[in-house]
Amino acid sequence: MTATLRGSIVSIDGPKTVQTTYGERELAEFTLRVGDRHTGAAAPYDEPISVAGLTTVTVWGKWTETAQYATEGMELLLTDPAEDTFQGETTYSTQKSSYVVLEPGFLVNVTDIRSWVQCPREYYLNKLSSIPLKYPVIKGTIVHEVFSDLLRGRSLAESIDDRVEEAGLELGLLGYETDEVKNEVRRNAASIEGWLSQGTLTGEDDWRSEYTLISPTFGLKGRADALRRGMPVELKTGKNTRREPRFHDKIQAACYGLMLEERGVPVNTGTLLYTKNTALERNEETGDLSPAKEFSMGRGLFEYVVRCRNHLAALEARGEIPTGYEADAKCEYCFSQDACMVVSGRLAQESKAGAIGTPVPEDEQAYFERFYNAIEEERRTVHTAYRKLWEQTATERAAEDRALIDLSYAGREPIEENRWRLTARNESGAVSKLRPGDVALASDGDPVTGHAELCRIEEVGDTVVVTTDEPVAFTRLDIYPSEISVDRMLEAVHDAILKGSTDRKDVLFGRRDPAFDGNHETYIDNNDAQNKAVNMGVTAQDCVLIHGPPGTGKTYTIARLVRALVDRGDRVLVSAFTNRAVDNLLEALRSQGFEDIVRIGTASGVRSDMQDLRLSRRGNPNQQAATLRDASVVAATTTSCGSRICKEESFDVALVDEASQLTEPATLAAINLADRFVLVGDHEQLPPVVRSENELQTSLFERLIETYPDASVLLDRQYRMPQRIQAFSSSEFYDGKLRPANGAVAAQSLADLGVSYATLPEQFRDQVVFIDPDGTRQGNANPIEADRIQSIVELYLDAGVEPADIGVIAPFRAQVAEISNRVDVTVDTVDRFQGSSKAVIIVSFVATGSLDGPLFEDYRRINVALTRAKKSLVLVGDEDALRSDPFYDRMCTWATR
DNA sequence: GTTGTGGGAACAAAA
């Protein structure tokens, strides 16, 4: 147990030089505010020191550099501080065993520390563009996987065959053949195998591969390639014939060493495996044939790592862009020099390497900066979610539905691709936000200090089933907050501004109206707006915005448009935020007889009836690559559009559905890949999902439809709701322009299902009904309201409505659970109901007393709820509470007419 | 104070 002191910085004094009994020494003083729950929460295995009010912390020696980049308001953590009493007050200072950590809540990846040590500017450039599709990278990944397989006892030949085949698509896109790759991997792997077998002979080695480490104290996370006798081992596919490992390679291993020590295991040795070091590459100085280089690591290296991390975290907290001057990088040898200079040149940034080219216009620079900051703000909210892994107790996390705890581990079985399927029982029957297909953290009870493995969920009911690379006897499953969408957004903004054409940017920045050119034809003969939408899509030179309110047949229209574009010879990218929306669109396309589609996505993300279109990464390189390249339609989520596989592709048109639910950068990820784009959405329905409050909340769809109304078309005829139901939505959200497509739609009722209104109580004989059950909100649920909903569902069932035709919508998951326990029909949140509909919809408002809360404040959410019903709509809520808000007041008036 | 989807992370090169 190590004591820690943690607080927010109130003031900073120093660094300064003072005379001590040991001679001249540097010190800096921080005044900290300690003890507040937010800044004072320490890791559970540490002993937090609590101090009321302000306290002084003195840091000595090299820790004083912290004072140079720290600012007031940042958080500071001191481990194992020396306690002193000075003028009656307790003060703290660093001693030999202390670490000073700045902004411990900002989680830095170990690989980011590594690149920061190479050059801070390199770290920044890596954030702007992920590792591209390049052969050395793909080969490196394969060698890593083979290494892991060897540690798990798999045979070399089998592993190489399997792992190379697994990378088929990427290798194919790079123009590589399986055999040449296998040979090269074999050469790398042979040296590892030889070295490994030496260890096995002595029988002393105890191996663990792919070890996930999270550090609450140092604000670090990462996955070590392997541990050998508890010491970190890192694999490098390159060559290093010098005596010493490369410095930044050592740093990477030292990060893992530091995190292992934090868990109470002393670490003094690191190993780097340079797999190109074969007998042919004998070290000239030492004659060494081994690919392995051991080095000793200790306090000095660990402190250096922590100082680098502090510097990085401070710069991020201040929102500054690295210049390269922060460290002593040497630009003349740097492979990234050109990229670095281009970015500095185009964005008018200061950089050690210098700049080339002319800056992009000022409004583009400002745009880049605004979105960069907004995305980084979003990143910090991901970090906050991550931090809750250790700041909250298991019980607290379970109570907030962020984890399933107290599971009983039930066993494991090996499955394909060298993975494991693990099973546990959820005897308490607790529910959580975790859903099948999610990536989660499976642990032995503590995801931070215990053994944890990243997993993918297959099943979460009474039985919990996950798949992992390494087995773990798991008893707990936690939500895993991933930065991937944040990373992809940043990259998309970078690509749009720095690599985008002037034509495209003119439109994005409101400098030129979108152009249309070509002859009009009839594609859809019974709906003018839909036909106009297809025509605009076909004749667009830049972009089209298709506004599709509920039930207006937008999916059908899009599918027709895609076919028209392909008929003309265009290659089309079809995208949306969710897998569900992408698959819906493909369903419409296929129902129109179109099959020339490749679906990109994970096996668990793609709907089962679209799996036949899914392109596996595994397989023959040429074949997989040709399948992708020859497809005239490629479909993927916007996040997948930012993957390195999709980024290699180019399209004539990108068509993005549900575009109003996408942040602007996420939309860019898709449209960056095409010459022209079509956005389809409805900004009167749910907006993008973001945690931070900034420009990410407005979709590109919404911004452009306001800038270029002439490039938009409103699908104004809806096929879903009768006149009575659609009236409120039409007048409140669509200026009264939304109308039923025809008389039959307008007049539809339960009678169409063979249900007689006469069998329902008088009150329910209207298509819109309002019921006030006099319930009380308890937390996010309302049990009395739930009881009433149960009886209403039974009324409709008794009248002859099929269970599959009834849906219940509630604003909160707690109420969804409450109602689900009572009825046997679909019950879900508004957010999850968007895109679907039911004959009978019952809406539970939950709120009583007042309508406080963002869920009720966003009227678009209600628009979604009210427009899901095809025949009958029942609103259940506290009329007094609802009438306290003018919008809900109008809703009640409409419903109680 | 609340809703929600993505997809794990780390993969290379060298004066």
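Residue numbers begin at 1 in each chain, while the letters A, B, ... track the order of the sequences.
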Touch class at under 4.0 angstrom, heavy-atom based, for Glu170(A) against every strand present: nothing
Ring-base stacking, Phe335(A) with dA14(B) (5.5 Å, 30° cut-offs): no
SB check Arg380(A) Glu377(A) (cutoff 4.0 Å): no
Given dC11(B), dT3(B), dG6(B), the nucleotide with the shortest approach to the side chain of His144(A): dC11(B)
Parallel, tilted or perpendicular: ring planes of Tyr135(A) versus Tyr176(A), cut at 30 and 60 degrees: parallel
Arg580(A) CZ to dT5(B) P, straight-line distance once rounded to whole Å: 7 Å
Sidechain N-carboxylate O distance under 4.0 Å for Asp112(A), Arg309(A): no
Under-4.0 Å side-chain N/O to phosphate OP1/OP2 contact, Tyr480(A) with dA9(B): yes
Sugar-phosphate, base or nothing in reach of Phe812(A), heavy atoms under 4.0 Å: sugar-phosphate
Under 3.5 Å donor-acceptor pair, Ser485(A) side-chain atoms to dG6(B) base atoms: yes
Rounded interatomic separation in angstrom, taking NZ from Lys221(A) and P from dA9(B): 6 Å
Under-4.0 Å side-chain N/O to phosphate OP1/OP2 contact, Asn109(A) with dA9(B): no
Touch class at under 4.0 angstrom, heavy-atom based, for Pro811(A) against every strand present: sugar-phosphate
Any Ser482(A) side-chain nitrogen or oxygen under 4.0 Å from OP1 or OP2 of dG6(B): no
Separation of dT5(B) P from Arg402(A) CZ (nearest whole Å): 14 Å
Sugar-phosphate only, base, or nothing, as touched by Asn579(A) at under 4.0 Å among non-hydrogen atoms: sugar-phosphate
Nucleotide dA9(B), atom C1' - distance to OH of Tyr211(A) in whole Å: 16 Å
For atom CG of Leu696(A) and atom C1' of dG6(B), their distance in whole Å: 15 Å
Salt-bridge criterion met for Asp401(A) and Lys433(A) (N-O under 4.0 Å): no
Whole angstrom value for the distance that separates C1' of dA10(B) from CG of Asn126(A): 12 Å
Salt bridge flag under 4.0 Å for residues Asp478(A) and Lys388(A): no
Chi-based syn or anti call at dG6(B), which uses purine or pyrimidine torsion atoms and a 90° bound: anti
Touch class at under 4.0 angstrom, heavy-atom based, for Glu483(A) against every strand present: nothing
Rounded interatomic separation in angstrom, taking CG from Asn188(A) and P from dA13(B): 9 Å
Sugar-phosphate, base or nothing in reach of Gly605(A), heavy atoms under 4.0 Å: nothing
Sub-4.5 Å side-chain heavy-atom contact between Thr663(A) and Gln697(A): no
Phosphate OP1/OP2 of dG1(B) contacted by Asn780(A) side-chain N/O (<4.0 Å): no
Side-chain-base donor-acceptor pair under 3.5 Å for Gln118(A) and dA13(B): no
Thr111(A) vs dA9(B): side-chain N/O to OP1/OP2 distance below 4.0 Å: no
Contact under 4.0 Å: Arg813(A) side-chain N or O vs dT2(B) OP1/OP2: no
Nearest-nucleotide pick for Lys236(A), side chain only, options being dG6(B), dA9(B), dA12(B): dA12(B)
For Ser209(A), the option from Leu151(A), Asp149(A), Asp469(A) that meets side-chain contact (heavy atoms from CB on, under 4.5 Å): Leu151(A)
Thr637(A) side-chain N/O to dG7(B) phosphate OP1/OP2 under 4.0 Å: yes
Sugar-phosphate, base or nothing in reach of Ile484(A), heavy atoms under 4.0 Å: sugar-phosphate
Residue Asp438(A), side-chain heavy atoms: nucleotide from dT5(B), dT2(B), dG7(B) that is nearest: dG7(B)
Pair of N/O donor and acceptor under 3.5 Å linking dG7(B) base with Arg644(A) side chain: no
Among dC11(B), dG6(B), dA14(B), the nucleotide that comes nearest once only the side chain of His248(A) is considered: dA14(B)
Short side-chain N/O contact to dC11(B) OP1/OP2 from Arg223(A), under 4.0 Å: no
Under-4.0 Å side-chain N/O to phosphate OP1/OP2 contact, Gln337(A) with dA15(B): no
Tyr859(A) ring center near Tyr888(A) ring center (under 6.0 Å): yes
Touch class at under 4.0 angstrom, heavy-atom based, for Ser640(A) against every strand present: sugar-phosphate
Listed nucleotide nearest any side-chain atom of Glu122(A), set dG8(B), dA13(B), dT3(B): dA13(B)
Between dG6(B) (P) and Phe577(A) (CZ): distance, integer Å: 7 Å
